[in-house]
Amino acid sequence: MLKEFKEFAMRGSVLDLAVGVIIGAAFGKVVSSFVDDVLMPPLGRLIGKVDFSNLYINLTGTHYDTWADAKKNGAALSYGNFINNIINFLIVAFAIFVLVRSVNKWLPKPPAPVTPKDCPQCAMPIPLAAKKCGHCTSAV
C-alpha cells in the first residue's frame, strides 16, 4: 500500500496540484493584505471614513464600540469582513482568469480533427490522403 501511495504522490499531476495549492495560498495572503491594507482604507475614507472590518450588525441590545468587542460576547454579524472577503475573491478570480488566459495563448493550438471521406464505391470511411479504398480496393 505504501508503494502505491508513493506512485500516486509522485505522478506529475499530483505534484502540479500541490505546487498550485501552495502558490495559491501564498497569493491569497498577498491579495488579502492588498485588500485589507491598501485598497480598503482609501475606499473607506472616500465613502466617508468607514472601516469595513468594523461594520457589523449587533444582535443584542448592548452597544459595542468595535466588532471585536461584539464578537467576544457572541453578538455580532460581521458583514464588513464579508465584503472584504468578496473583494479578495474577485481579485483572486480575476488574476487566475488573466493567468490562465495568457498561458492558453502560449500553448500550441490543437490540430483540427481529421474527418475521413467516404469511398464513392462502398461508402466506407477512408483517410483523406488515401489513393485506394482499404475496404473495396477501388481507386479513389
Side-chain angles (χ1 to χ4, degrees):
M1 186 162 83
L2 186 60
K3 182 180 175 185
E4 287 178 67
F5 177 73
K6 182 179 175 184
E7 288 172 6
F8 168 77
M10 293 314 223
R11 287 194 326 215
S13 58
V14 174
L15 293 176
D16 292 344
L17 179 63
V19 169
V21 166
I22 292 168
I23 290 174
F27 183 69
K29 288 182 181 182
V30 169
V31 170
S32 288
S33 175
F34 173 74
V35 169
D36 295 338
D37 303 331
V38 177
L39 184 66
M40 294 311 276
L43 185 63
R45 185 165 174 89
L46 251 165
I47 292 175
K49 297 185 180 180
V50 176
D51 180 11
F52 280 89
S53 63
N54 269 333
L55 295 178
Y56 68 94
I57 296 173
N58 191 351
L59 300 176
T60 66
T62 310
H63 174 73
Y64 300 103
D65 291 328
T66 65
W67 172 75
D69 294 338
K71 184 180 176 186
K72 283 181 193 173
N73 296 311
L77 184 68
S78 176
Y79 66 91
N81 283 332
F82 182 70
I83 291 171
N84 282 349
N85 287 329
I86 288 174
I87 292 171
N88 281 344
F89 170 76
L90 292 174
I91 291 173
V92 170
F94 181 73
I96 290 172
F97 166 74
V98 169
L99 178 71
V100 168
R101 187 173 174 214
S102 63
V103 167
N104 284 341
K105 286 183 180 178
W106 297 339
L107 296 176
K109 302 265 190 247
V114 178
T115 55
K117 60 183 177 182
D118 290 337
C119 172
Q121 297 297 320
C122 66
M124 294 296 292
I126 56 173
L128 292 175
K131 305 286 184 209
K132 284 190 161 206
C133 176
H135 303 284
C136 69
T137 66
S138 65
V140 180

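In what follows, every heavy atom counts, from backbone to side chain, and hydrogens, waters and symmetry copies are set aside. Everything numeric here is computed off the predicted structure, so don't read it as measured data.
Enclosure of atom NZ in Lys132 is not indicated, since only 12 or fewer non-hydrogen atoms of other residues, nucleotides or ligands lie within 6.0 angstrom.
The two residues His135 and Pro125 come nearest to each other via the heavy atoms NE2-O, 3.6 Å. Cys133 and Ile126 make their closest contact through SG-CG2, 3.8 Å (heavy atoms, listed as atom of the first residue, atom of the second, distance). Heavy atoms only, all atoms of each residue included: Gln121 and Cys136 are closest at CB-SG, 3.9 Å. Residue Ser32 comes nearest to Asn88 through the heavy atom pair OG-ND2, 3.3 Å, listed as atom of the first residue, atom of the second, then distance.
Following chains of ILVMFWY side-chain contacts shorter than 4.5 Å, one can reach Ile83 starting from Val38, so the two form part of one hydrophobic cluster. Cluster annotation: Val31 is not connected to Ile22 through the hydrophobic network of ILVMFWY side chains, with a link wherever side-chain heavy atoms come within less than 4.5 Å. A single hydrophobic cluster is not seen to contain both Val30 and Val92; linkage of ILVMFWY side chains at heavy-atom distances under 4.5 Å, directly or through other members, places them apart.
The hydrophobic cluster containing Val98, built from Ile/Leu/Val/Met/Phe/Trp/Tyr side-chain heavy atoms closer than 4.5 Å, also comprises Phe94, Phe97. Side-chain contacts under 4.5 Å among hydrophobic residues (ILVMFWY), followed directly or transitively, place Leu90 together with Phe82, Ile86, Phe89.
Expressed to the nearest 0.5 Å, how far NZ of Lys109 lies from CG of Asn104 amounts to 8.0 Å.
Side-chain contact between Ser138 and Cys122 is absent, with no heavy atoms from C-beta onward closer than 4.5 Å.
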